[in-house]
Amino acid sequence: MSTAGKVIKCKAAVLWEPHKPFSIEDIEVAPPKAHEVRIKMVATGVCRSDDHVVSGSMVSPFPVIVGHEGAGIVESVGEGVTSVKPGDKVIPLFSPQCGKCRVCKHPESNFCTKNDLKKPQGTLLDGTSRFTCKEKPIHNFLGTSTFSQYTVVDEIAVAKIDDASPLEKVCLIGCGFTTGYGSAVKVAKVTPGSTCAVFGLGGVGLSVIIGCKTAGAARIIAVDINKDKFAKAKQLGATECINPQDYNKPIEEVLQEMTDGGVDFSFEVIGRLDTMNSALVSCHAACGVSVIVGVPPNAKTLPVNPMLLLLGRTWKGAIFGGFKSKDAVPKLVADFMAKKFPLEPLITHVLPFEKINEGFDLLRAGKSIRTVLTF
Ligand code: PAD
Ligand code: ZN
Ligand code: ZN
């Protein structure tokens, strides 16, 4: 029997307040309104940004259903939806692409003004959410909320992908892989023969390494305080792995000495102010480019000596690897299907959705790269 037009009762992982475990609840998901799409989730990755909401380091209204790295199948669509139809395989886009705003029309930029990241409302574009639990409205997260058996997204925040794609793998294209890969190939524009340093070897940092290698970097220096991450980094293309705790001087000095004054491209993929500074200083003073990928703690600032930039360094950052999401995601899925890059090495654990708290424990303990939760 079709569920279109009806309220769907299903399970979701609700965060009632910060610093608490996820609670699997029975929720109601209202039908999609005009220009909205209801999706049956099939798989979702566990990203550190979701954990930033639990820890309070990323701001979101509560109660909330987080999750933003998912893949699923369209269950029904609201009036006026033309880009997807029921039965299509799709990836929700936490960084949308309206196609009409100043940023969407800019040839290089991608952070569409319709995003819910800069000033989070915890709603869809119309200012409301489709979720209720125990008669209370539950907030959305980044317009995606993938930790639910069903979710509703705006049409500008969903991309149709290849019918043959394995959703339990390509879900990583919804965040971690694309963010890291794009930071190297699109934001930094890593050049053949160059030297790169990647700070932080989680799912996103390892994807930066995949991007640096694809772009033809000659040296890729991986930096992490957890040496258990080094084997995977080498497998994916790192040429050297270093642990800042093994040196009695700042890691930026170590990197400058290793690379004749500094690397060509450095990436901070942790989300800490001290490592953002180290990454900046470790790229060459005259010709280095440093990219911020990690999400910094809410409302924290970093004092910077302008001399660090005056001599010619470039310091930049981007959301979602600088990709215009609705255009890029179907192409990246096609590239994965054509074996242009791997996703499998990033997936260390697969768990049933109900074990979501276990998935987050693995991330916090540094034991997983990506855990994929399946529905
Ligand atoms: P993760 O927690 O899996 O990886 C972080 C890595 O950093 C781990 O391997 C840690 O051991 C390592 N680390 C921690 N502290 C240090 C330190 N002081 N020095 C060196 N290494 C350290 O996270 P992830 O890969 O899922 O995400 C990484 C960051 O990227 C995180 O801040 C997340 O919020 C952000 C992110 N940004 C975007 C975006 O669009 N810009 C998208 C997705 C994730
Ligand atoms: Zn993410
Ligand atoms: Zn836009």
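First listed ligand is number 1; within each ligand, the first listed atom is number 1. Keep in mind it's a predicted model, so treat the numbers as computed, not measured.
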To the nearest 0.1 Å, how far is atom 44 (C) of ligand 1 from its closest protein heavy atom, and which atom is that?
Ser49 OG, 3.3 Å
Ligand-side contact atoms (ligand 1) for residue partner Gly294, heavy atom cut-off under 4.0 Å:
29 (C), 30 (O), 32 (O), 35 (C)
Pairing donors with acceptors under 3.5 angstrom, does anything connect the side chains of Gln97 and Asn110?
no
If we only consider heavy atoms of Gly203, is any one of them less than 4.0 Å away from an atom in ligand 1?
yes
Electrostatic pair Asp26:Lys9 at N-O distance under 4.0 angstrom
no
Shortest protein contact, atom 9 (O) of ligand 1 (heavy atom only)
Asp224 OD2, 2.7 Å
For Cys47, state whether at least one heavy atom is located under 4.0 Å from any atom of ligand 1.
yes
Report the C-alpha distance between Val152 and Ile39 in whole Å, list the side-chain angles of each, state the deciding distance to 0.1 Å, and finish with yes or no for side chain to side chain contact (heavy atoms under 4.5 Å, CB included).
CA-CA 6 Å; Val152 177; Ile39 303 167; over 6 Å; no
If you measure from each heavy atom of Cys175 to ligand 1, is any distance below 4.0 Å?
yes
Flag if over 12 foreign heavy atoms under 6.0 Å of CD, Glu344
yes
Whether Ser109 side chain and His106 backbone form a donor-acceptor pair below 3.5 Å
no
Logged contact type for Leu201 with ligand 1, heavy-atom cut-off 4.0 Å, is backbone
Side chain, backbone, both or neither: which part of Arg370 comes within less than 4.0 Å of ligand 1 when only heavy atoms are counted?
side chain
Within the side chain of Ser95, is there an N or O that forms a donor-acceptor pair under 3.5 Å with the backbone of Phe111?
no
So is His52 polar-close to ligand 1, meaning N/O to N/O under 3.5 Å?
yes
Is the shortest distance from a heavy atom of Met58 to ligand 1 less than 4.0 Å?
no
Geometry at the Zn ion (ligand 2) - Cys175 SG versus His68 NE2 angle, rounded to 10 degrees
110°
Any chance you could measure Ser23, atom OG, to Trp16, atom CH2, to the nearest 0.5 Å?
7.0 Å
Heavy-atom distances under 4.0 Å decide this one: backbone, side chain, both or neither, for Leu363 against ligand 1?
side chain
Among Lys189, Lys324, Lys316, find the one that has a salt bridge (charged side-chain N to carboxylate O under 4.0 Å, His left out) with Glu108.
Lys189
Asp88 with Lys85: basic N within carboxylate O range, under 4.0 Å
yes
Min over Ile319, Val204, Ile270 of heavy-atom distance to atom 32 (O) of ligand 1 lands on Ile270
So which protein heavy atom does atom 38 (C) of ligand 1 come closest to, and at what separation?
Thr179 CG2, 3.5 Å
Is a side-chain donor-acceptor pair under 3.5 Å present for Ser83 with Glu155?
yes
Shortest protein contact, atom 28 (C) of ligand 1 (heavy atom only)
Val269 O, 3.2 Å
At the Zn ion (ligand 3): angle between Cys104 atom SG and Cys101 atom SG, to 10 degrees:
110°
Answer with yes or no whether the side chains of Lys6 and Ser76 bring together a donor and an acceptor at under 3.5 Å.
no
Take Ser290 and Ser266 through the test side chain to side chain donor-acceptor pair (under 3.5 Å) and record every step on the way to the result.
CA-CA 5 Å; Ser290 187; Ser266 66; 2.8 Å; yes
My understanding is that we take every heavy atom of each candidate and find the minimum distance to atom 35 (C) of ligand 1. Doing that for Val46, Ile369, Val295, which one comes out nearest?
Val295
Go through it in stages, so that I can follow the logic: the residues are Asp154 and His35, the test is side chain to side chain donor-acceptor pair (under 3.5 Å), and I'd like the CA-CA distance, side-chain angles, deciding distance and then a yes or no.
CA-CA 6 Å; Asp154 290 296; His35 306 292; over 6 Å; no
Identity and distance of the protein heavy atom lying nearest atom 3 (O) of ligand 1:
Gly202 CA, 3.4 Å
What atoms in ligand 1 come closer than 4.0 Å to a heavy atom of Ala318?
41 (N)
Contact partition for Lys229 relative to ligand 1, non-hydrogen atoms under 4.0 Å:
side chain
Does ligand 1 have a heavy atom under 4.0 Å from the side chain of Pro244, from its backbone, from both, or from neither?
neither
For atom 41 (N) of ligand 1, find the nearest protein heavy atom and state the residue, atom name and distance (0.1 Å precision).
Val293 O, 2.9 Å
Provide the number and element of each atom of ligand 1 under 4.0 Å from a heavy atom of Phe320.
39 (C), 40 (O)
